[in-house]
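Report on the following structure.
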Amino acid sequence: LITLFNRNQQQLESQPWPFEQLGLLLFKTPIKLATHEHLANIKALDTSELAYIADQATMAFKQNHAHLFCDNVNQYWQRLQAKKLTENTVSRWVEQCLLFPGIKAAKGCGALGADVLLVLYDKTKCEINTLRNFATQQNLQCVADQNAIFNC
């Protein structure tokens, strides 16, 4: 199940993965950042654009629009980068992942995107073992896929 959380509307709901041909992988990174320090160093930050993109992604998820969902995930990451809210190593991993055939979206998650790397891929066009080999070479540990946590 995927948990959808909307802080502004105080909504929390869980739904099954809706995309038959879109796979999801989560890779734990070896990077450790002190989230509380990161948040303390952020000045007043306008998150309205990020909230809008997140809302669009949630709507695409609920309506089973995989292409739009992936576009919004990529847009969100791009906006985080533009606001200098991403860790450089993770940004390079995201760029490299997007070069693999069949990868539809990638972004870091957590403080500066450094905790987990999310990768969305077309199951019919992506050689998943090649991606997993890349992840292993980068010291990334697969911890989840669209079916279950710790099922990689």
Side-chain angles (χ1 to χ4, degrees), residues 1-33 35 38-39 47 49-83 85-152:
L1 290 176
I2 302 295
T3 299
L4 305 172
F5 173 67
N6 185 314
R7 185 180 71 186
N8 293 335
Q9 296 177 5
Q10 296 189 354
Q11 291 179 331
L12 182 68
E13 61 183 293
S14 294
Q15 294 191 2
W17 185 249
F19 309 114
E20 188 174 316
Q21 289 190 311
L22 186 65
L24 170 151
L25 290 169
L26 294 176
F27 296 99
K28 179 181 174 192
T29 78
I31 301 170
K32 299 295 172 219
L33 295 177
T35 302
H38 164 65
L39 293 175
T47 60
E49 183 180 25
L50 294 171
Y52 175 78
I53 297 168
D55 288 344
Q56 294 300 304
T58 300
M59 190 176 354
F61 182 91
K62 288 180 176 182
Q63 295 175 355
N64 196 12
H65 292 295
H67 180 75
L68 185 57
F69 179 70
C70 291
D71 284 350
N72 281 288
V73 169
N74 286 326
Q75 283 180 28
Y76 197 93
W77 181 250
Q78 290 164 1
R79 296 310 310 146
L80 287 174
Q81 286 184 300
K83 293 176 179 290
L85 294 172
T86 59
E87 197 278 332
N88 291 335
T89 302
V90 177
S91 291
R92 285 192 299 276
W93 287 333
V94 167
E95 290 171 16
Q96 290 173 318
C97 284
L98 291 171
L99 295 176
F100 282 91
I103 300 298
K104 299 300 181 184
K107 73 175 285 300
C109 306
L112 294 177
D115 297 332
V116 173
L117 178 64
L118 163 69
V119 178
L120 301 172
Y121 64 95
D122 183 325
K123 292 179 185 179
T124 66
K125 296 180 182 172
C126 182
E127 177 48 57
I128 197 67
N129 289 330
T130 303
L131 179 61
R132 286 187 175 156
N133 289 339
F134 162 78
T136 299
Q137 291 169 359
Q138 303 303 317
N139 199 25
L140 301 171
Q141 177 188 4
C142 186
V143 293
D145 65 13
Q146 70 278 0
N147 297 315
I149 301 296
F150 300 106
N151 191 32
C152 293

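Along the sequence shown, the residues carry numbers beginning at 1. The structure displayed is predicted, hence computed values, not measured ones.
A 6.0 Å sphere centred on NZ of K125 holds no more than 12 heavy atoms belonging to other residues, nucleotides or ligands. Within 6.0 Å of CD in Q63 there are more than 12 heavy atoms belonging to other residues, nucleotides or ligands.
Scanning for salt bridge (charged side-chain N to carboxylate O under 4.0 Å, His left out) contacts around E127 gives an empty result, with sequence neighbours left out. With sequence neighbours excluded, the residues satisfying ring-ring contact (aromatic ring centres under 6.0 Å, His included) with F19 are W17, F61, F69. Residues meeting the salt bridge (charged side-chain N to carboxylate O under 4.0 Å, His left out) test with K83, sequence neighbours left out: none.
The line from NE2 of H65 to CG of N72 is 11.5 Å long, rounded to the nearest 0.5 Å. Here the SG-CZ distance, from C142 to R132, works out to 5.0 Å after rounding to the nearest 0.5 Å. Considering OH of Y52 and CD of Q56, their distance stands at 3.5 Å, rounded to 0.5 Å. The CG atom of L24 lies 7.5 Å from the CG atom of D145; values are rounded to the nearest 0.5 Å. With rounding to the nearest 0.5 angstrom, the CD1 atom of I103 is 10.5 Å from the CG atom of N74. Rounding to the nearest 0.5 Å gives a distance of 7.5 Å between CG of L22 and CG of D122.
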I would like to know whether L4 and K62 meet side chain to side chain contact (heavy atoms under 4.5 Å, CB included); could you show each step before the answer? CA-CA 10 Å; L4 305 172; K62 288 180 176 182; 3.8 Å; yes

Can W93 and I31 be said to form a side chain to side chain contact (heavy atoms under 4.5 Å, CB included), step by step? CA-CA 12 Å; W93 287 333; I31 301 170; 3.9 Å; yes

Stepwise side chain to side chain contact (heavy atoms under 4.5 Å, CB included) check, N88 with R92: CA-CA 6 Å; N88 291 335; R92 285 192 299 276; 3.9 Å; yes

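Across every non-hydrogen atom of A114 and L33, the tightest pair is CB-CD1, 3.5 Å. For the residue pair Q146 and G23, the shortest heavy atom distance occurs at OE1-CA, 3.5 Å. In terms of heavy atoms, S14 sits closest to T3 at OG-OG1, 3.3 Å.
H67 is listed as a side-chain neighbour of D71, based on a closest heavy-atom distance under 4.5 Å. Under the 4.5 Å side-chain criterion, counting only non-hydrogen atoms from C-beta, D115 is not in contact with C109.
Between the side chain of K123 and the backbone N or O of E20 there is at least one donor-acceptor pair closer than 3.5 Å.
The residue from L140, L118, L25, V119 that alone fulfils the side chain to side chain contact (heavy atoms under 4.5 Å, CB included) condition with C97 is V119. Here the rule is side chain to side chain contact (heavy atoms under 4.5 Å, CB included) with L80, and of I53, L112, T86 only T86 fits it.
When only modelled atom types and interatomic distance are considered, E13 and Q11 share no side-chain donor-acceptor pair under 3.5 Å.
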